[in-house]
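Inspection log for the structure reproduced underneath, given as C-alpha cells.
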Amino acid sequence: MTAQDPKALRDADRRHHLHPFTDNKALWAEGGTRVIASAEGVYIVEDSGKRILDGFAGLWCVALGYSRTELAEVASRQMRTLPFYNTFFKCTTEPTAALARRIAALTPPGLERVFFANSGSEANDTIIRMVRIFWNLRAKPKKKIFIGRTFSYHGSTMASASLGGMAEMHEQGDLPLGGFAHIEPPYWYRFGGDLSPEEYGRKAARALETKILELGADHVAAFIGEPIMGAGGVLVPPESYWPEIERICRKHDVLLISDEVVCGFGRTGRWFGCQTYGFTPDIMTLGKQITSGYLPLSAVVIGPRVAETMIQSGGEFRHGFTYSGHPVTCAVGLETIRILEDERIVERVSNDIGPYFQARLHELSDHKLVGEVRGIGLIGAIELVADKATRTPFAPEGRAGLAVRDHCLANGLILRATRDSMLLSPPLVISRGEVDEILRITRKGLDLAALDLAVRRGA
Ligand code: PXG
C-alpha cells in the first residue's frame, strides 16, 4: 500500500480505522473518507490534488499555517539530541523547563506554575484532580462540584466530557459523572430575548450564583468556561459577562478556570482570551495552538493560591503522563511562541487581519439565511435562521448548517457547522486575499444552500 494506491488506502481505513466523532457506518455509505495528502500555507491538499482553503486551522490549532519548516527543524534537532526523557524522577529537560518559563511569562501575573500533558482532555482531567486535592488540603473536603455550561466542550475523557455540556455526548457512557453541574451559556442571540446584550450578560452570569446557592457554596469547587465558547458555537459573551462571573466566584470562594484551548495563543487578538475579557483565572487550560498543532501538547497553568497550597503542603502529586513535558513537543512549543512573538502575529490579529476578517464577515449579515454574525479576532460564527425577524431556527436543527458546509467544501473551503452556526477560525497567518476567498466561497455556499432549502420547503 503506497500513496499511489488510493483505493487500497481507503480500504485499509474502512476496515481498520475507527474514526473519532464520526458515524462510522454512515461514513462509508456516504462515500467514505477524504485522504488529506499534504498541506501548504493555509491550504490542505487531497490525494486527488484538490486544494482546499482551511478556514478552521485544522481543528482550531494550526495557528502558523502548514508550511513552517522551522518547527520541523526544531523537532528534528531535538529528536537527534534527546528524543525522550521523562520528567518524573527528579528529572527535567531543557525544552521542558524553558517552555514552562515562557508560558509563565506570557500568562497573567501569578499564574506561574505549569503542568504538561498531551491533550486538552488530559489537561482538564488533571485540573479536576488538582482542584479536589486543593480543597482537601484547605480542609474543605465537601467542596467537590464543578460547574460548567450547556453546549460547552472541554474534552472527551469521562471527566472532561462531564465538565462539558453537550447533551449528545452525555448520552454516551452515562455522563455526566457525579459532581458536575451546568448552567446556561451566554448566548444572547438565542436566549437574550428583549434584553440588551449587556443586561443579558449580567443575567447569564447570575445563573452561576443561583446554581452555587442551590448547591451550597460549601459544595462547589470550581467554575470552568472558555472565554469564547468554541465548538459549542462560537458564543461571544457580552462585555458584562466575565467581570460578573469573576465577582461571583470570588464572593463564594469558587475557583475560576479559563479553558483557553481554543482562545489561547492569539486567537482573540490577545495572547489569552481571559486578557481580552479582563479577568484573572485561578487556573488555565492550554492546548492546540501551543504547538500550532504540529505535535500534541497541552498545559495546565496554575495560579498562586492552588500552586502554593499544593507545593507547601508537601507530599507527592500522584499524577502524570509518560509524555508530560516531552522534550520534542516542548521544543516545538517554544519555537511556535518564538515565531508568534518575532512576527508580531498576535498584534496583527488584534490590529490588522482580525478587524479585517470581522468587517468582511459582518458583510454577510445582509444574507437572507443569516440571523447573526459574531466574533472577535480570528474567530467567528454565522448563525443561520429560518426567519430573521423572529430569530426562528431551522427545523430540524442542523440541516441548514450541513448544507452550507457541504457547498463550501465542494467550492474549496473548510468551515464547521455546529447546530446551524457556521464556525470559522482560520490560521492566524492568513492574508487579506485569503480572507476575501473565504468570504467569496461562504457567500456562494449560503446562496446555494438557500436554494436547496427553498426547494425543500416548496417555495
Ligand atoms: N477544551 C476545549 C475548549 C476544546 O475545544 C478540548 C478542551 C479538548 O482538547 P483535546 O486535545 O483533548 O481534543 C477542546 C477540543 C470541534 C472539535 O469539532 C473541537 C475540539 C476537539 C474535537 C473537535 O470543534 N476541541
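Counting starts at 1 for both ligands and their atoms, in listed order.
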Please say whether the positively charged group of R102, taken as NZ for Lys or CZ for Arg, lies over the ring of W271, i.e. under 6.0 angstrom from the six-membered ring centre and within 45 degrees of the axis.
no

for atom 19 (C) of ligand 1, nearest protein heavy atom and its distance come out as W60 NE1, 3.5 Å

Can you tell which part of E122 has a heavy atom less than 4.0 Å from ligand 1: side chain, backbone, both or neither?
neither

Tell me the nearest of L297, L163, V261 to atom 4 (C) of ligand 1, using heavy-atom distances.
V261

Only heavy atoms of E226, strictly under 4.0 Å: list the atoms of ligand 1 that pass.
3 (C)

Going by the order shown, which atoms of ligand 1 are within less than 4.0 Å of some heavy atom of V262?
5 (O)

Take R206 and E209, measure what salt bridge (charged side-chain N to carboxylate O under 4.0 Å, His left out) needs, and give me the verdict at the end.
CA-CA 5 Å; R206 285 185 191 141; E209 186 151 45; 5.5 Å; no

K203, NZ atom: more than 12 neighbouring heavy atoms under 6.0 Å:
no

Are Y323 and E122 close enough that a side-chain donor and a side-chain acceptor fall under 3.5 Å?
no

With heavy atoms and a 4.0 Å threshold, my read on which part of F21 contacts ligand 1 is neither

Nearest non-hydrogen protein atom to atom 25 (N) of ligand 1, with distance, is K288 NZ, 3.2 Å

Residues E244, R202; criterion salt bridge (charged side-chain N to carboxylate O under 4.0 Å, His left out); working and verdict:
CA-CA 6 Å; E244 186 65 1; R202 275 186 291 278; over 6 Å; no

Just to confirm my output: which protein heavy-atom neighbour is closest to atom 2 (C) of ligand 1, and how far is it?
Y153 O, 3.3 Å

Heavy atoms only, cut-off 4.0 Å: how does L59 contact ligand 1, side chain, backbone, both, or neither?
side chain

Please tell me whether F146 and F223 form a close aromatic pair, meaning their ring centres lie under 6.0 Å apart.
no

Pairing of E397 and R190 as salt bridge, 4.0 angstrom limit:
yes

Between S425 and R416: side-chain donor-acceptor atoms closer than 3.5 Å
no

Considering the heavy atoms of G120, write down every atom of ligand 1 situated less than 4.0 Å from one of them.
8 (C), 9 (O), 10 (P), 11 (O), 12 (O)

Considering only non-hydrogen protein atoms, determine which one is nearest to atom 1 (N) of ligand 1 and report residue, atom name and distance to 0.1 Å.
D259 OD2, 2.8 Å

Heavy-atom proximity to atom 8 (C) of ligand 1, picking from G232, A123, S121, points to S121

Please check if the side chain of T418 supplies one atom and the backbone of A231 the other of a donor-acceptor pair under 3.5 Å.
yes

Considering only the protein, which heavy-atom contact is closest to atom 24 (O) of ligand 1, and what is its distance?
R416 NE, 2.7 Å

